[in-house]
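First the structure, in the form of structure tokens, and then the observations on it.
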Amino acid sequence: QQVRNAQTLGGEFLLQDGWGRHLLHKSKAIRAWSEKEQRVWMQMVGRVYPVQSYLKRVGLAPNDHCPWCGHTKRETLEHFLSDCKHFRKHSTKVHNDIVAAVLDQLRTLKPQGWEFLPETELCKLPQSIPFKWASPEEERKERRCQPDITAWHASAWLVLFLEFTRATDKPDNMDRAKAAKGSQYDAAVRAINNAAD
């Protein structure tokens with residue numbers, strides 16, 4: 001019941017038919033979770049992980065300031081997992097590990113005709129992917145963008161930009177991140193479509 005009431009992405013994930021518990025059990029089947037890992041997972045899902053905002057709420061801390069950011073930011077679970085500069089290298093490593101795992105699976109599946117290009121700037125993509133930018137300024141601004149993975153199917157003339165973002169503890173934050181990621185390559189998509197016309 002605590003998970004249901006918390007209304008976190010983790011809670012929604014656990015309760016979602018066909019995904020949540022099924023994937024959680026699959027994860028545990030791949031590698032057994034330690035008692036500590038299970039406890040941390042439940043604390044995060046229930047929003048009772050001991051970050052300063054929670055500790056202040058239950059009267060165990062005088063304020064909710066992040067101790068790692070010089071007390072200039074509020075330490076929420078989202079801040080701790082995704083934004084805190086002190087832990088940036090750890091969250092970046094997790095992101096990169098996920099991208100590498102997805103890329104490995106894509107290459108293992110070997111879908112016919114697809115080429116996968118990790119961390120490749122748009123200006124360094126194969127010449128067979130043409131861009132017709134709206135202006136030289138737009139090209140200068142956009143050509144150095146670097147999707148996590150670019151998937152290219154030459155004969156079908158399809159380009160997919162794969163971007164990964166971190167889940168947060170509030171759905172509206174995830175919606176904002178999704179919108180930002182979704183529009184990140186709008187100019188590049190227009191440039192590819194312009195070249196196709």
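None of these values were measured; they are calculated from a predicted model.
Pairs passing the side chain to side chain donor-acceptor pair (under 3.5 Å) check and including a residue from residues 112-128, sequence neighbours excluded, read Glu119-Gln146, Glu121-Arg144, Ser128-Trp152. Within the structure, salt bridge (charged side-chain N to carboxylate O under 4.0 Å, His left out) contacts touching residues 182-196 (residues at least two apart or in different chains) are Glu138-Arg190. Sorted by first and then second residue, the side chain to side chain donor-acceptor pair (under 3.5 Å) pairs with a member in residues 49-65 read Asp64-Arg74; sequence neighbours excluded.
Atom OG1 of Thr150 is separated from atom CG of Leu125 by 5.0 Å, given to the nearest 0.5 angstrom. Considering SG of Cys145 and CD of Gln184, their distance stands at 6.5 Å, rounded to 0.5 Å. Atom CD of residue Gln105 and atom OG1 of residue Thr108 lie 5.0 Å apart, to the nearest 0.5 angstrom. Between the CZ atom in Arg107 and the CZ atom in Phe116 there is a gap of 8.5 Å [rounded to 0.5 Å].
Qualifying salt bridge (Lys or Arg N to Asp or Glu O under 4.0 Å) partners for Glu139, counting only residues two or more places apart in sequence or in other chains: Arg143. Every residue meeting the salt bridge (Lys or Arg N to Asp or Glu O under 4.0 Å) condition with Arg140, not counting sequence neighbours, appears here in chain and number order: Glu137. Under the salt bridge (Lys or Arg N to Asp or Glu O under 4.0 Å) criterion, Asp97 pairs with Lys93, sequence neighbours left out. Considering only residues two or more places apart in sequence or on other chains, Trp68 meets the ring pair (Phe, Tyr, Trp, His ring centres under 6.0 Å) condition with His86, Phe87. Trp157 is linked by a side-chain hydrogen bond (donor to acceptor under 3.5 Å, both in side chains) to nothing, counting only residues two or more places apart in sequence or in another chain. Under the side chain to side chain contact (heavy atoms under 4.5 Å, CB included) criterion, Leu60 pairs with Leu55, Val58, sequence neighbours left out. Considering only residues two or more places apart in sequence or on other chains, Lys132 meets the side chain to side chain contact (heavy atoms under 4.5 Å, CB included) condition with Asn194, Ala195. Residues passing the side chain to side chain contact (heavy atoms under 4.5 Å, CB included) test with Thr72, sequence neighbours excluded: Cys69. In terms of the ring pair (Phe, Tyr, Trp, His ring centres under 6.0 Å) criterion, residue partners of Tyr185 (sequence neighbours excluded) are, by chain and number, Phe161.
Cluster annotation: Ile149 is not connected to Leu117 through the hydrophobic network of ILVMFWY side chains, with a link wherever side-chain heavy atoms come within less than 4.5 Å. Residues Leu160 and Ile129 do not share a hydrophobic cluster, defined by chaining ILVMFWY side chains whose heavy atoms lie under 4.5 Å apart. Residues Phe131 and Leu158 fall into different hydrophobic clusters, defined by Ile, Leu, Val, Met, Phe, Trp and Tyr side chains chained together at heavy-atom separations under 4.5 Å.
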Original post:
After noting the C-alpha distance and the side-chain angles of Val159 and Ile192, does the key distance pass the side-chain contact (heavy atoms from CB on, under 4.5 Å) rule?
Top reply: CA-CA 9 Å; Val159 180; Ile192 291 169; 4.1 Å; yes

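Shortest non-hydrogen contact noted between Leu122 and Glu142 is CD1-O, 3.4 Å. In terms of heavy-atom proximity, Pro67 sits nearest to Glu75 at CD-OE1, 3.7 Å. Nearest heavy atom pair, residue Thr76 against residue Val51, reads C-CG2, 4.0 Å.
Side chain of His95 to main chain of Phe164: a donor-acceptor pair is present (N/O by atom type, distance under 3.5 Å, no hydrogens or angles).
Residues Lys73 and Cys84 fail the side-chain proximity criterion, which asks for heavy atoms closer than 4.5 Å.
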